[in-house]
Student: 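Would you mind keeping the following structure in view while I ask a few things?
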Amino acid sequence: MAVRRFGFRVNGVEREVEAAEGMPLLYALRHELGLKGTRFGCGAQQCGACHVLIDGQSLPSCDAPLWSVAGKSVLTVEGLSEDGRLPPLQQPNLDDQSRHSAYCLSGMLNSALALLQKEPQPDEARVRAALDPHLCRCGSHQRIVRAVLRAAQTMREPA
């Protein structure tokens, strides 16, 4: 497979990766760019651990080839912080102790953000539907849903 350069925006910064065309985005993020927050789970789009936002849509990065994100914007869990502070989506997860192993959390946070950007006032059913593709092996799913609902409320309140 030929090696090419792929340019895309990652967490607001223009980046370039030289790699084989078929390299999955997940591998480029973790191994080429050093962004370890995005997790490898199953490698088959079944667990949600590798979800990132690609042009605002929560998608698995485990099998998204680099050519598919060329020229696009990618947001990983590292890009959620604001001036080094925890974003509203992460603080409720800390407060509710919803991140036992935290393996699934980076993917869930990205899916929750995609939902909240489209629908700032989701009900519990909408949050559950947005997080449904994510497997949580430690049983924190209920707490994460509550934390997303709290984050939605916090994000709506004036600063």
Side-chain angles (χ1 to χ4, degrees), residues 1-93 98-99 101-122 125-137 140-141 144-145 147-149 151-152 155:
M1 199 173 280
V3 172
R4 288 187 35 208
R5 285 192 175 285
F6 299 94
F8 51 101
R9 181 176 285 271
V10 181
N11 300 332
V13 177
E14 291 295 330
R15 302 298 297 262
E16 202 170 82
V17 173
E18 188 172 320
E21 221 173 76
M23 176 186 273
L25 173 60
L26 173 64
Y27 294 3
L29 294 171
R30 291 183 60 80
H31 305 297
E32 302 299 322
L33 300 177
L35 299 170
K36 305 289 186 182
T38 304
R39 308 279 197 242
F40 178 85
C42 66
Q45 296 187 30
Q46 301 298 308
C47 72
C50 69
H51 272 234
V52 296
L53 296 186
I54 300 173
D55 285 346
Q57 186 177 2
S58 181
L59 295 167
S61 63
C62 65
D63 71 346
L66 277 178
W67 62 260
S68 72
V69 297
K72 295 184 178 182
S73 179
V74 175
L75 182 71
T76 69
V77 70
E78 291 92 346
L80 296 179
S81 68
E82 300 164 357
D83 298 323
R85 294 185 326 266
L86 288 178
L89 267 172
Q90 285 178 315
Q91 190 61 52
N93 282 286
S98 63
R99 81 265 171 256
S101 74
Y103 205 82
C104 64
L105 195 56
S106 64
M108 284 194 185
L109 289 173
N110 283 319
S111 290
L113 179 60
L115 170 66
L116 295 177
Q117 287 175 340
K118 292 177 189 160
E119 194 174 328
Q121 298 180 18
R126 287 292 297 130
V127 172
R128 287 186 184 286
L131 299 182
D132 187 55
H134 299 272
L135 298 179
C136 177
R137 293 175 180 96
S140 297
H141 213 280
I144 294 168
V145 169
V148 171
L149 290 167
M155 292 167 77

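In what follows, residues are counted from 1 in the order of the sequence shown.
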Student: Counting N and O atoms only, with roles assigned by atom type, does the side chain of R30 sit under 3.5 Å from a partner on the main chain of T38, one being a donor and the other an acceptor?
Tutor: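 Yes: the side chain of R30 pairs with the backbone of T38.
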Student: side-chain contact (heavy atoms from CB on, under 4.5 Å) with D55: which residues, sequence neighbours excluded?
Tutor: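 With sequence neighbours excluded, D55 shows a side-chain contact (heavy atoms from CB on, under 4.5 Å) to K72, S73, given in chain and number order.
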Student: Q45: what forms a side-chain hydrogen bond (donor to acceptor under 3.5 Å, both in side chains) with it, not counting sequence neighbours?
Tutor: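 In terms of side-chain hydrogen bond (donor to acceptor under 3.5 Å, both in side chains), with neighbours along the sequence ignored, Q45 is linked to D63.
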Student: Given the rule in the side chain to side chain contact (heavy atoms under 4.5 Å, CB included) test, do S140 and L105 qualify, once you have shown the distances and angles that lead to the verdict?
Tutor: CA-CA 9 Å; S140 297; L105 195 56; over 6 Å; no
Student: Does a side-chain heavy-atom distance below 4.5 Å link V52 with L59?
Tutor: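 They are not in side-chain contact.
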Student: Heavy atoms, side chains only, cut-off 4.5 Å: are V13 and V10 in contact?
Tutor: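 They are not in contact (no side-chain heavy atoms under 4.5 Å apart), so the answer is no.
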Student: According to side-chain hydrogen bond (donor to acceptor under 3.5 Å, both in side chains), who are the partners of E78, at least two apart in sequence or on a separate chain?
Tutor: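 For E78 the side-chain hydrogen bond (donor to acceptor under 3.5 Å, both in side chains) partners, ignoring immediate neighbours, are T76.
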Student: Could you check whether any side-chain heavy atom of E32 comes within less than 4.5 Å of a side-chain heavy atom of R15, counting everything from C-beta outward?
Tutor: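 Of all side-chain heavy-atom pairs linking R15 with E32, none is under 4.5 Å.
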Student: Taking the side chain as every heavy atom from C-beta outward, state whether F8 and V17 have any atom pair closer than 4.5 Å.
Tutor: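 The answer is yes, as the side chains (C-beta and beyond) meet within the 4.5 Å cut-off.
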Student: Measuring from atom CG of N110 to atom CG of L53, what distance do you get when rounded to the nearest 0.5 angstrom?
Tutor: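 Those atoms lie 4.5 Å apart.
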Student: Test side chain to side chain contact (heavy atoms under 4.5 Å, CB included) on K36 and H31 and set out the steps.
Tutor: CA-CA 8 Å; K36 305 289 186 182; H31 305 297; 4.3 Å; yes
Student: Look up atom OG in S61 and atom CG in L35, then write down how far apart they are to the nearest 0.5 Å.
Tutor: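 Going from the OG atom of S61 to the CG atom of L35 covers 11.0 Å.
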Student: So, do V69 and F6 sit near enough that their side-chain heavy atoms are less than 4.5 Å apart?
Tutor: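 Of all side-chain heavy-atom pairs linking F6 with V69, none is under 4.5 Å.
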Student: Kindly give the heavy-atom pair with the smallest separation between C62 and C50, and that separation in Å.
Tutor: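 Residues C62 and C50, closest heavy atoms: N-SG, 3.3 Å.
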Student: Working to the nearest 0.5 Å, report the span between OG of S68 and CG of L25.
Tutor: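 It comes to 7.0 Å.
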Student: Is there a side-chain contact between C104 and I144, using heavy atoms and a 4.5 Å cut-off?
Tutor: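 With C-beta onward as the side chain, the pair touches.
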